[in-house]
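Here is the naming used below: chain letters follow the sequence lines, and residue numbers restart at 1 for every chain. Predicted model only: the values in this text are computed from it and were never measured.
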Amino acid sequence: MGLRLFNTYGRTLEDFVPRTSGKVGFYGCGPTVYNFAHIGNLRAYVFEDTLVRALEYLGYDVTHVMNITDVGHLSGDDDTGEDKIVKTAQERHKSVLEVAQYYSDAFFKDSGRLNIKRPTIVCKATEHVGDMIELIKRLEAKGFTYMAAGNLYFDVAKFPDYGKMAMLKLEELQAGTRVELDQNKRNPFDFVLWFTKSKFEDQALQWDSPWGRGYPGWHIECSAMSMKYLGEQFDIHAGGIDHIQVHHTNEIAQSEAATGKQWVRYWLHNEFLIMDKGKMSKSSGNFLTLQTLVDAGYDPLDYRYFLLGGHYRSQLQFSYDALDSAKASRRSLNERVLSLRDNATPEGVRAPALPALSALAPAAIARLEAFKAAIEDDLSTPRALAELWGVLREQKLPAAHALAAAFDMDRVLGLGLAGQERKESGVDPALAAEIEELIAQRAAAKKAKDFSKADGIRNQLKERGVLLEDGPAGTSWKLA
RNA sequence: GGCGCCGUACCCAAGCGGUAAGGGAGAGGUCUGCAAAACCUUCAUGCAUCGGUUCGAUUCCGAUCGGCGCCUCCA
């Protein structure tokens, strides 16, 4: 049936057809590195990762470009705000680039822990200022810009389709109700392409440009870098839902004004993670990081599982109850995989031999087809997860077949199922031998009906973190 | 003030015109000296409320109540 994606541009579910058959150019808005990414931000990157994995699963060759916003940007729309990276740098007595590098590293560490694949190309704004200047020059040559009070603005009035994707009705919006308007603008929706006038004497990052020494406006980096690496027209652009109205609207305006062509075909936006009191906000300083969850005893993949349990276009309510549920689910999932793995692995062999997907039993094939249908239906990871559970619990399906199907599904889900190994396989052989000896003693005690001694041995091992489980085939043990 | 989204069992969460996926928790069972684990079974005549359209609505329309987002940097 083929992949269908919900395109914000038009607000409809559309069949996905790439510009070049078999290839996908994808640009995902990356982090602004002046602080740690919080778990709400991370939802966006897990979503982008799921999209990339799904495209690859469906056979596309994906070029995934992600930007790193390491140019400081003002917290306000005009010259009155604070530059967030500069502010952090001053507080930490570090250079702006040190701060950016530090949080960028932290970001990729979190990504790795969440099993997010590294994008094909990661590009820093500070290394592409020349490309931005070139793009702005094209806009200027075409008459889309004007200078006012030292800043170069994009003139929204010259771009008739402004706000089309966001379905903005300019005359109905009450711009300025919450924030004071920049008096230099001809139109409230005009935005800065290049700043030369900053209230900061010590603006750390400045570049020479035809409009004077200064630094680029926020939106231009995405237009310039995406076009550099993906061409003037490409397939998918994704980001958080908050970017629809301003950031992406402005990106579209400046990109299409410069080239005169449609820029991006499909726009995908993920909804927010919601806390009890509303969304998490980086600038408010009140947020949870992945490390907070790790410190509380959760595995980063517990959080990934939690995210996959909701559709990317629905708001998801975060709570520790829900995370506990995800954690328990994932533990059970891993236990199930391990148990199937044991069943599918012949004695004396380290890893099971899995059948080719084409050779799977009909029940497994049916699950895989349902899984693919779920993914193709606008990335329905909740339904995909249901199919994963389904195949793992399919009765009368040989273990190797269930595993092969589950591992295939996990190429999209990214839960690390294939990498699951029993922790016990890594213990010191001497300790293992000792445990086996105690188990033998306990077996003898049990046979002699000396249950208090048998239970004593079990409790003794339990205190050392070793759990005994009696089964039909004798006693097995595992680490707590 | 304008625009948009959402309200499904104890909890999280799919479905979005044809009679409620999945997970967690709970309950019962199999196994067991006990325990644990595992597995099996079970768990919404009903999808915020009230009207309407329809042969038929959780799904469409309207109203009401409640929650959230955007119009400001923001995932």
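- In this structure, A/Leu308 places its CG atom 21 Å from P of B/rA21, rounding to the nearest Å.
- Checked against B/rG69, B/rA38, B/rA13, the side chain of A/Phe272 finds its nearest nucleotide in B/rG69.
- Across all strands shown, B/rU19 has no partner, as no Watson-Crick or G-U wobble contact with both distances under 3.5 Å is found.
- The phosphate of B/rG24 has OP1 or OP2 within less than 4.0 Å of a side-chain N or O from A/Ser332.
- Comparing B/rG62 with B/rG4, their P atoms sit 12 Å apart, to the nearest whole Å.
- Toward the 5′ end of RNA chain B lies the nearest nucleotide of A/Arg11, the other residue of the pair A/Arg11 and A/Gly390 mapping further downstream.
- Between A/Gln441 and A/Lys446, the side chains place no donor N or O within less than 3.5 Å of an acceptor N or O (distance only, hydrogens not considered).
- For the salt bridge (charged side-chain N to carboxylate O under 4.0 Å, His left out) criterion with A/Asp49, the lone passing option out of A/Arg43, A/Arg304, A/Lys117 is A/Arg304.
- For A/Leu385 and B/rC12, the CG to C1' distance is 12 Å, given to the nearest whole Å.
- For A/Asp324 and B/rC11, a side-chain-to-base donor-acceptor distance below 3.5 Å is absent, hydrogens and geometry of angles not being considered.
- For the P atom pair drawn from B/rG26 and B/rG15, the interatomic distance equals 28 Å after rounding to whole Å.
- Straight-line distance between the C1' atoms of B/rU19 and B/rU58: roughly 10 Å, to the nearest whole Å.
- Geometrically, A/Arg11 does not engage A/Phe6 in a cation-pi contact defined by less than 6.0 Å to the ring centre and at most 45° from the axis.
- Rounded to whole Å, the distance from CZ on A/Phe191 to P on B/rC73 is 12 Å.
- Nucleotide B/rA75 holds its C1' atom 15 Å from the CD atom of A/Gln245, rounded to whole Å.
- Comparing B/rG22, B/rA75, B/rA14 by their nearest atom to the side chain of A/Trp389 picks out B/rG22.
- Comparing B/rG18 with B/rC65, their P atoms are spaced 31 Å from each other, to the whole Å.
- Looking at A/Phe36, A/Tyr45, A/Tyr34 one by one, the single match for ring pair (Phe, Tyr, Trp, His ring centres under 6.0 Å) with A/Phe107 turns out to be A/Tyr45.
- In the model, A/His248 has a side-chain atom that pairs as donor or acceptor with a side-chain atom of A/His269 under 3.5 Å.
- Both A/Gly309 and A/Tyr305 sit near RNA chain B, but only A/Gly309 has its closest nucleotide nearer the 5' end.
- A distance of about 12 Å separates the C1' atoms of B/rG17 and B/rU53, rounded to the whole Å.
- When both pairing distances are held under 3.5 Å, B/rC5 makes a Watson-Crick or G-U pair with B/rG67.
- The side chain of A/Thr32 lies closest to B/rA75 when the candidates are B/rA75, B/rG33, B/rG24.
- Side-chain contact annotation: A/Asn67 with A/Thr69, donor-acceptor N/O pair under 3.5 Å present.
- Distance from the side chain of A/Ile274 is smallest to B/rC68 among B/rC68, B/rC12, B/rG24.
- Comparing the same atom, C1', in B/rU8 and in B/rG67 gives a spacing of 15 Å after rounding to whole Å.
- Rounding to whole angstrom units, CG of residue A/Asp377 and P of B/rA21 are separated by 17 Å.
- The gap from the C1' atom of B/rC31 to that of B/rA35 amounts to 12 Å, rounded to the nearest Å.
- Between B/rA25 and B/rC11, the distance separating the two P atoms is 16 Å to the nearest Å.
- Residue A/Arg383 places its side chain closer to B/rG15 than to any other of B/rG15, B/rG24, B/rG33.
- Look at B/rG46: it lacks any Watson-Crick or wobble partner with both distances under 3.5 angstrom.
- Side-chain atoms of A/Arg458 come within donor-acceptor range of the base of B/rA35, with a qualifying N/O pair under 3.5 Å.
- Relative to the side chain of A/Glu469, the nucleotides B/rC68, B/rA37, B/rC11 differ in distance, and B/rA37 lies closest.
- Across all strands shown, B/rA38 pairs with B/rU30; the Watson-Crick or G-U wobble distances both stay below 3.5 Å.
- With rounding to whole Å, A/Asn270 atom CG is found 13 Å from B/rC70 atom P.
- Side chain to side chain, A/Gln254 and A/Asn250 fail the donor-acceptor criterion of an N or O pair below 3.5 Å.
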